[in-house]
Amino acid sequence: MAEQRDDGKPGSDIEPAGQNAPAPTPPVDPAELEQFRQFQQFQDYLRFTQTQQGNQPAPRPDAGVVQAPAPLPQPSSGGSQPPMIPPGYQLVPAERRRAPRWLSWLGKKVIAWVLAIIILGVAGTWLYNHFFPNDSGKTSAQLAEEGGGTYHTNHILSTSPYEAVRQVYDAVAQNLVPQGCGRMREDVQQKFAQDLGYADCQVAVHELSRQVKNKNDYAESMPSYVSEPFPGDSFTISSCKFGIRGGPALGAFTVQKVDKSQWLITAHTNEPAPCPAPTPTTR
């Protein structure tokens with residue numbers, strides 16, 4: 001039997017104590033550990049916001065690295081809550097892409113043209129209504145103010161008695177109420193309408209205009225002047241005397257000379273319908 005050596009030292013087949021023991025872990029600085037944990041929270045928050053916006057979150061940059069101990073779970077009130085932003089970090093909004101300079105210039109030009117068209121449309125409508133007003137809803141008194149009612153200060157009536165009557169025929173042919181009724185005194189406007197079977201002068205002009213077959217012949221049936229001298233400053237002009245063509249005869253008009261040598265229609269009477277054959281006359 002072989003004798004065992006016992007010299008107080010371990011034999012060659014016995015490993016020294018502590019040879020395969022793990023190396024001791026170096027101490028971790030708490031401040032660095034907290035900073036690393038905050039950085040992870042910030043990364044988690046970025047991935048959360050990308051997920052909420054429908055973007056694919058970027059992979060964790062620290063994959064394969066030993067992670068710090070996870071913080072204790074925080075109680076939530078329910079639902080998906082974003083991670084808290086760690087102290088010392090802030091979200092910087094992404095810079096919005098500005099439109100190209102040419103696109104901004106084009107947009108300003110389009111807006112300017114649209115505004116110009118709107119302004120021109122409004123101005124055009126106002127000018128049209130100002131120079132060509134609508135007669136609907138106006139009374140005979142208002143129409144008189146636009147015509148015969150202002151002859152005292154304005155030169156708006158004809159200086160020829162025959163032209164004064166001819167203008168009534170022309171206004172009826174063109175369906176122009178102020179020009180037709182305004183040649184008559186206020187009370188005569190209503191008398192003219194009633195004699196012809198209408199409610200007022202405005203209705204009379206509108207309805208008589210519908211009966212006109214030839215506007216030019218109708219307006220020119222009454223002469224602007226005649227060669228014979230005027231009987232006086234007030235006399236009656238008969239429609240039947242001149243043979244009205246292209247539309248209805250309007251009866252007899254009494255004209256009177258007024259301010260500024262103008263002639264105003266001051267009376268109206270009916271005449272036979274149809275008119276008898278006209279007598280020869282010098283125009």
To the nearest 0.5 Å, what is the distance between CG on L106 and CZ on R101?
15.0 Å
For A193 versus A199, what's the shortest heavy-atom pair and its separation?
CB-C, 4.4 Å
Expected output: side-chain S221 to main-chain R245 donor-acceptor under 3.5 Å
yes
I'd like to know if the side chain of N175 reaches the main chain of S209, judged simply by a donor and an acceptor atom lying under 3.5 Å from each other, with no hydrogens or angles considered.
no
Whether the side chain of Y225 engages the backbone of P161 through a donor-acceptor N/O pair (distance < 3.5 Å, no angle test) should be reported.
no
Enter the distance from R166:CZ to S158:OG here, rounded to the nearest 0.5 Å.
8.5 Å
Verdict with supporting geometry, L264 and V188, side-chain contact (heavy atoms from CB on, under 4.5 Å)
CA-CA 10 Å; L264 177 69; V188 179; over 6 Å; no
If we count only N and O atoms by modelled type, under 3.5 Å, do the side chains of T236 and T254 hold a donor and an acceptor together?
yes
How long is the span from the CD1 atom in I244 to the CZ atom in F242, to the nearest 0.5 Å?
8.5 Å
Gap between atom CG of L157 and atom CD of Q167 - 0.5 Å precision:
8.0 Å
Assign the ring pair H268 / F192 to parallel, tilted or perpendicular, where the plane angle (0 to 90°) is split at 30° and 60°.
perpendicular
With no hydrogens and no angle check, do the side chains of Q211 and E207 hold a donor and an acceptor under 3.5 Å apart?
no
State, yes or no, whether a side-chain contact exists between I237 and M222 at a heavy-atom distance under 4.5 Å.
yes
Okay, side chain of E163, backbone of S224: is any donor-acceptor separation there less than 3.5 Å?
no
Interatomic spacing from CG in N216 to CG in N214 - rounded to 0.5 Å
6.0 Å
Measure the CZ-CG distance between F39 and D44 for me, rounded to the nearest 0.5 Å.
10.0 Å
Any side-chain donor-acceptor pair under 3.5 Å between E271 and S238?
yes
Pair F230 and W263, ring centroids less than 6.0 Å apart
yes
Which one of Q190, Q189, Q194 satisfies the side-chain contact (heavy atoms from CB on, under 4.5 Å) criterion with D200?
Q190
Just so I know, are the side chains of Y198 and V205 near enough to count as touching, which here means a heavy-atom distance under 4.5 Å?
no
Test side-chain contact (heavy atoms from CB on, under 4.5 Å) on V255 and T266 and set out the steps.
CA-CA 6 Å; V255 293; T266 57; over 6 Å; no
